[in-house]
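A quick write-up on the structure given underneath.
Only a predicted model underlies this, so the values are computations on that prediction, with no experimental measurement involved. Only heavy atoms go into these numbers, but all of them, side chains included; no hydrogens, no water, no symmetry mates.
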Amino acid sequence: MKRMNATAVREGLSDILNQVAYAKERVILNRRGKDVAALVSMDDLLLLQALEDKLDNEAAAAALAEPGDSVPWEQAKKELGLPE
């Protein structure tokens with residue numbers, strides 16, 4: 001994984017995008033010595049999104065499995081200040 005200053009990235013963006021897109025290289029961008037962002041391939045991004053979705057679905061399933069009283073939709077809308 002490469003670390004690059006944001007200014008250097010700006011100067012060589014086309015080459016860096018090719019490295020990320022085709023060579024699957026990951027590039028960490030830093031500014032004033034602090035890591036601030038990363039460039040990753042679309043494959044990596046899709047994998048990250050799939051992992052996040054899986055974790056969200058597992059958390060939702062666990063929440064739904066917890067015992068407790070359910071609240072009618074009309075009551076929930078009223079408590080949340082949503083339009084009727």
Side-chain angles (χ1 to χ4, degrees):
M1 193 171 333
K2 278 188 185 178
R3 278 193 160 67
M4 298 184 74
N5 181 281
T7 303
V9 171
R10 197 173 323 137
E11 293 168 0
L13 184 59
S14 180
D15 290 335
I16 294 164
L17 284 177
N18 284 335
Q19 291 171 9
V20 169
Y22 302 113
K24 307 298 184 202
E25 178 116 22
R26 297 172 183 158
V27 179
I28 296 174
L29 308 179
N30 61 57
R31 184 181 292 150
R32 297 184 189 103
K34 182 177 179 183
D35 295 341
V36 295
L39 295 175
V40 297
S41 69
M42 286 304 299
D43 289 341
D44 282 355
L45 177 61
L46 294 173
L47 177 60
L48 178 61
Q49 289 175 326
L51 290 170
E52 288 176 337
D53 289 347
K54 183 179 187 303
L55 291 173
D56 288 346
N57 288 337
E58 288 173 358
L64 288 172
E66 288 181 8
D69 297 329
S70 61
V71 177
W73 175 237
E74 293 302 322
Q75 180 183 342
K77 285 195 310 187
K78 184 177 180 181
E79 289 176 6
L80 294 171
L82 298 174
E84 307 242 356

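Rounding to the nearest 0.5 angstrom, the gap separating the CZ atom in Arg3 from the CD1 atom in Ile28 is 4.0 Å. Atom CD of residue Glu52 and atom CG of residue Leu47 lie 10.0 Å apart, to the nearest 0.5 angstrom. In this structure, the separation between CG on Leu82 and CD on Glu74 is 10.5 Å, given to the nearest 0.5 Å. Once rounded to the nearest 0.5 Å, the distance linking CZ of Arg32 with OG1 of Thr7 reads 9.0 Å. If you take CG on Asp53 and CG on Leu48, they are separated by 9.5 Å, rounding to the nearest 0.5 Å. To the nearest 0.5 Å, atoms CD (Gln49) and CG (Asp56) are separated by 11.5 Å.
Side-chain atoms of Ser41 and Asp43 form no donor-acceptor pair, as typed in the model, at a separation below 3.5 Å. A donor-acceptor contact under 3.5 angstrom links the side chains of Lys2 and Gln19, judged on distance only.
Heavy atoms from other residues, nucleotides or ligands lying under 6.0 Å from NZ of Lys77 number more than 12.
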>> Show, in sequence, the C-alpha distance, side-chain angles and deciding distance for Asp35 and Leu29, and conclude whether the side-chain contact (heavy atoms from CB on, under 4.5 Å) test is met.
In response: CA-CA 6 Å; Asp35 295 341; Leu29 308 179; over 6 Å; no
>> Between Val27 and Val20, does the side-chain contact (heavy atoms from CB on, under 4.5 Å) criterion hold? Intermediate values first, please.
In response: CA-CA 7 Å; Val27 179; Val20 169; 3.8 Å; yes
> Would Asp44 and Arg26 count as a side-chain contact (heavy atoms from CB on, under 4.5 Å) if you check the C-alpha gap in whole Å, the side-chain angles of each, and the deciding distance to 0.1 Å?
Replying inline: CA-CA 9 Å; Asp44 282 355; Arg26 297 172 183 158; 2.7 Å; yes
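A salt bridge links Lys54 with Glu58: at least one charged nitrogen is closer than 4.0 Å to a carboxylate oxygen.
A 4.5 Å side-chain heavy-atom check between Arg31 and Asn5 finds every atom pair outside the cut-off.
Among residues two or more places apart in sequence or in another chain, the side chain to side chain contact (heavy atoms under 4.5 Å, CB included) test is passed with Gln75 by Val71, Pro72, Glu79.
Placement of Val40 and Leu46 in two distinct hydrophobic clusters is found when ILVMFWY residues are connected by side-chain heavy-atom separations under 4.5 Å, directly or transitively.
The minimum heavy-atom distance linking Ile16 with Val9 is given by the pair CD1-CA, 3.6 Å.
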